[in-house]
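One structure below.
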2 protein chains.
Amino acid sequence: MSNDTKPAGTVEPPRTLDGQLCFALYSANLAMGKLYRQLLAKLDLTYPQYLVMLVLWERDGITVSDLGERLFLDSATLTPLLKRLQGAGLVQRTRGTADERQVIVTLTDEGRALREKAADVPVDVFCATGCEVDQLVDLKGGLETLRAGLIDYNRR
Amino acid sequence: MSNDTKPAGTVEPPRTLDGQLCFALYSANLAMGKLYRQLLAKLDLTYPQYLVMLVLWERDGITVSDLGERLFLDSATLTPLLKRLQGAGLVQRTRGTADERQVIVTLTDEGRALREKAADVPVDVFCATGCEVDQLVDLKGGLETLRAGLIDYNRR
DNA sequence: CGCAATTCAATCGCTTGCAATTCAATACCG
DNA sequence: CGGTATTGAATTGCAAGCGATTGAATTGCG
């Protein structure tokens, strides 16, 4: 569970797989992805597609860039994904009128309706974790702090 | 930072993207991946390839299955990845003698030597997080607990 | 105004991740 | 022993992610 004994006052970075935060993050994310794949199968959504829908259910009619900023993804990932959502009839993509470079992503009636069918997903996820609420709240906070630090660093 | 006000005694699952643990996990993992891509570029390793090397540096000469069990990945992911590592001259793949179904993955001298060149990666990662050690230790523990719960659930 | 710099989305090429399937080798059981 | 079940790795097909580039629209600056 804990690290090896370490000399006081020294930070000893781990050399083992299980000692690394990155692997805990990586593998927990894989496990979460597998859970969502299972839960979202009945909605015919993938996990990233679900995240896009979450954004659109919050704020409909946003640009690809805005979606990307929200999800930390770029157009190389979003464009094909949005085309698949459009193919599934959940989303419409239209060029902006004011600025024709932009593409506005809009929910269809079907896309809006899917929100109800997805309503119990978060509850199912919570149950699947088998964790206490407080623990998950702490975890979420820690992840957000980590993310902020990494993004800060990634932007040099 | 915190959720909306919630009625006492009720767990109210969030409906917003930022309210979801899964998104914190997903996006922190993306940010971590970007950091590793940057740090590993000079080693000509991808992030998953680095994780494989971490395992091999701990225990050389293991099967593809063992690797998969350790990393929560299957042969469909590992086989092409290992072929690329072999192409890079870091790894050798040989059929097991006792059981010819198995493939034993072994480090080459070059693969072993790479360990030294990768020695400072964990330190760099720690610095990049901008977090306190205690915070990261807590986070790692929380992620491992979450992972355990999810894996338990995923196995029905 | 006119032209260079920037921005936005799309595209290409590559590497994961995984469900489903295949094929060979081994284990199991009557 | 012989045949079936299981196991291990590989393969196929698809959906992310992302670096790098492209092309078109807009901005900005002299």
Side-chain angles (χ1 to χ4, degrees), chain A residues 22-23 26-38 40-41 43-53 62-69 71-88 91 93-105 151 154, chain B residues 22-23 26-38 40-41 43-53 62-69 71-88 91 93-105 151 154:
Chain A
C22 77
F23 178 62
Y26 173 86
S27 53
N29 186 57
L30 284 186
M32 185 67 85
K34 284 166 196 172
L35 171 64
Y36 271 93
R37 178 170 305 115
Q38 187 183 330
L40 294 173
L43 306 178
D44 277 304
L45 281 180
T46 66
Y47 185 22
Q49 287 168 10
Y50 171 73
L51 295 177
V52 167
M53 295 302 287
I62 64 178
T63 66
V64 174
S65 297
D66 288 341
L67 258 176
E69 206 166 314
L71 294 167
F72 305 101
L73 295 173
D74 71 349
S75 67
T77 299
L78 286 173
T79 297
L81 188 156
L82 290 169
K83 282 184 177 177
R84 282 185 282 270
L85 284 181
Q86 183 175 33
V91 141
R93 292 158 62 243
T94 46
R95 284 282 162 185
T97 49
D99 186 339
E100 288 199 0
R101 287 173 304 182
Q102 316 192 110
V103 165
I104 314 294
V105 183
I151 286 176
N154 284 334
Chain B
C22 77
F23 179 63
Y26 173 86
S27 53
N29 185 58
L30 285 185
M32 186 67 85
K34 284 167 196 174
L35 171 64
Y36 272 93
R37 180 170 303 117
Q38 186 183 328
L40 295 174
L43 305 179
D44 278 303
L45 282 180
T46 66
Y47 185 22
Q49 287 168 9
Y50 171 73
L51 295 177
V52 167
M53 295 302 287
I62 63 179
T63 66
V64 174
S65 297
D66 289 342
L67 258 175
E69 206 166 314
L71 294 167
F72 306 101
L73 294 172
D74 70 351
S75 68
T77 299
L78 287 174
T79 297
L81 188 156
L82 291 170
K83 283 184 177 176
R84 282 185 281 271
L85 285 182
Q86 184 174 33
V91 141
R93 291 158 61 244
T94 46
R95 284 281 162 187
T97 49
D99 186 340
E100 290 198 0
R101 288 171 302 182
Q102 319 192 109
V103 166
I104 314 293
V105 184
I151 286 176
N154 284 334

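Heavy atoms only: backbone and side chains are in, while hydrogens, waters and symmetry mates are out. All values derive from a computational prediction rather than experimental measurement. A, B, ... follow the sequence lines: proteins, then strands. Residue 1 opens every chain.
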_Walk along nucleotides 16-26 of chain C from 5' to 3' and tag each nucleotide B, S or - by protein heavy-atom contact under 4.0 Å, base first, then sugar-phosphate._
BBBB-----BS
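- With rounding to whole Å, Arg93(B) atom CZ is found 13 Å from dG8(D) atom C1'.
- Taking the side-chain hydrogen bond (donor to acceptor under 3.5 Å, both in side chains) definition, one finds that Glu69(B) meets it with nothing, sequence neighbours left out.
- To the nearest angstrom, C1' of dC18(D) lies 15 Å from CD1 of Ile151(A).
- For the pair Tyr36(B) OH and dG19(D) P, the interatomic distance rounds to 17 Å; values are reported in whole Å.
- If you measure from atom CG of Leu78(A) to atom C1' of dT11(C), you get 14 Å, rounded to the nearest angstrom.
- The interatomic distance linking Asp44(B) (CG) with dT15(C) (P) rounds to 11 Å, in whole Å.
- Minimum interatomic distance between Leu51(A) and Cys22(B) (heavy atoms only, all atoms of both residues): CD2-SG, 4.1 Å.
- The NZ-P distance, from Lys83(A) to dC14(D), rounds to 17 Å in whole Å.
- Qualifying side-chain contact (heavy atoms from CB on, under 4.5 Å) partners for Gln38(A), counting only residues two or more places apart in sequence or in other chains: Tyr153(B), Asn154(B), Arg156(B).
- Listed by chain and residue number, nothing satisfies the side-chain hydrogen bond (donor to acceptor under 3.5 Å, both in side chains) test with Ser75(A) (two or more places apart in sequence, or in another chain).
- Applying the ring-ring contact (aromatic ring centres under 6.0 Å, His included) criterion to Tyr47(A), with sequence neighbours excluded, gives Tyr36(A), Tyr26(B).
- In this entry the distance linking CG of Leu82(A) with P of dA15(D) reads 14 Å, nearest Å.
- Taking the side-chain contact (heavy atoms from CB on, under 4.5 Å) definition, one finds that Gln102(B) meets it with Thr63(B), Asp99(B), sequence neighbours left out.
- Atom C1' of nucleotide dT7(D) and atom CG of Asp66(B) are separated by 13 Å, given to the nearest angstrom.
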